[in-house]
Amino acid sequence: WLVTALLFATSAPLALITLHMDQVVYPGAVAALWYCSLRAGLSEARAQAVIAEAKRLMPGKPIRYVVNTHHHFDHSGGLRAFVAEGATILTHEWNKPFLQDVLSRPHTLSPDAQERARTPLSVEGVGDRHVITGNGKTIELHRMMDFGHTPGMLIAYFPQLRILYEADSYNPAAADAPPAAVPSPYNVALLANIERLNLAVDRILPVHLPPDGRVVTVAELRRVVGAN
């Protein structure tokens, strides 16, 4: 499974779209005034599929933001489709110059949605903590510190739901997989950042979901890194 998008609306629950399984978890965001998508996907086709599903769930509501956790291609390849829809990209300020450069380049050989729409590009670089609010709901974006995958990695925390959304810092294996002899430094860094930020997390929602679709917890992460 791959989390293709996580939609956050100003009212109603989260909508988790996993296009590999054609499944939506926590559906029902029709009352939203606007919504935010976490992750644009790795291609225009995937992004447009997400946008189409979001419009089905929340007809007539604008995409105000799309959160880019980091600049790697499998997390930024679909951003131009969201730009064409008028969404503002939220990313860590470390990523902003790169995204402004690549997203503003012409796509004339194989025109995409943004080449046709020519929507003004809006990239907002956020600091080490950024809060999105709407109708009493909150998303906290936090920069991962001491994380070797990329210096500009963001995680998203939903305090009302006690859910932490993360990319590439913990890609869960099968539930019966033996623990690694040496814990991954990425996994160690994720746990350290959860503890540093004092986040109360009931569920970790990885971009790369576990093969069995189980709910991932901090207790599982602690076992994996040998912190129990």
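Along the sequence shown, residues are numbered consecutively beginning with 1.
Between the side chains of His92 and Asn68, no donor-acceptor pair is found at a separation under 3.5 Å. A donor-acceptor pair shorter than 3.5 Å can be found between the side chains of Tyr170 and Glu220.
The side chain to side chain contact (heavy atoms under 4.5 Å, CB included) test with Ser122 is passed by exactly one of Thr88, Ile89, Leu90: Thr88. Of the candidates Leu197, Asp128, Leu154, Ile194, Leu197 is the only one forming a side chain to side chain contact (heavy atoms under 4.5 Å, CB included) with His142.
Residue His208 comes nearest to Pro172 through the heavy atom pair O-CD, 3.3 Å, listed as atom of the first residue, atom of the second, then distance. For Gly86 against Thr119, the heavy-atom pair with the smallest separation is CA-CG2, 4.0 Å. Of all heavy-atom pairs between Arg203 and Val215, the closest is CG-CG1, 3.7 Å. Taking all atoms of both residues into account, the shortest heavy-atom contact from Gly152 to Asn95 is O-ND2, 2.9 Å. Nearest heavy-atom pair, Val201 versus Tyr157, reported as atom, atom and distance to 0.1 Å: CG2-CE1, 4.0 Å. Across all non-hydrogen atoms, the minimal contact from Ile51 to Ala81 is CD1-O, 3.8 Å.
Between Ile204 and Thr217, every side-chain heavy-atom pair lies at or beyond the 4.5 Å cut-off. The shortest distance between side-chain heavy atoms of Leu141 and Ile155 does not fall below 4.5 Å. Contact check for Pro210 versus Val216: side-chain heavy atoms found under the 4.5 Å cut-off. Using a 4.5 Å heavy-atom threshold, the side chains of Val224 and Pro179 count as separate.
Atom CE of Met145 and atom CZ of Arg196 lie 5.0 Å apart (nearest 0.5 Å). Atom CG of Asp101 sits about 13.5 Å away from atom NZ of Lys96, to the nearest 0.5 Å. One finds the CG atom of Leu103 at 5.5 Å from the CG atom of Leu79 (value rounded to the nearest 0.5 Å).
Summarising the local packing, CZ of Arg116 is surrounded by more than 12 heavy atoms from other residues, nucleotides or ligands at distances under 6.0 Å. By the neighbour-count criterion of 12 heavy atoms within 6.0 Å, atom CG of Asp146 is sparsely surrounded, having that number or fewer from other residues, nucleotides or ligands.
Asn193 places a side-chain N or O within donor-acceptor distance of the main-chain N or O of Ala189, the cut-off being under 3.5 Å.
No close placement of the Phe158 and Tyr165 rings is indicated, their centers lying 6.0 Å or farther apart.
Note: the hydrophobic cluster containing Leu161 does not contain Val131 (ILVMFWY, side chain heavy atoms under 4.5 Å, direct or indirect links).
Salt bridge absent: Glu115 and Arg105 never bring a charged side-chain N and a carboxylate O closer than 4.0 Å. Note on Arg80 versus Glu44: no salt bridge recorded, every NZ/NE/NH1/NH2 to OD/OE distance being 4.0 Å or above.
Residues passing the side-chain hydrogen bond (donor to acceptor under 3.5 Å, both in side chains) test with Gln114, sequence neighbours excluded: none. For the ring-ring contact (aromatic ring centres under 6.0 Å, His included) test, residues two or more places apart in sequence or in another chain that qualify with His72 are His70, His149. Partners of His71 by ring-ring contact (aromatic ring centres under 6.0 Å, His included), not counting sequence neighbours, listed by chain and number: Trp94, Phe98.
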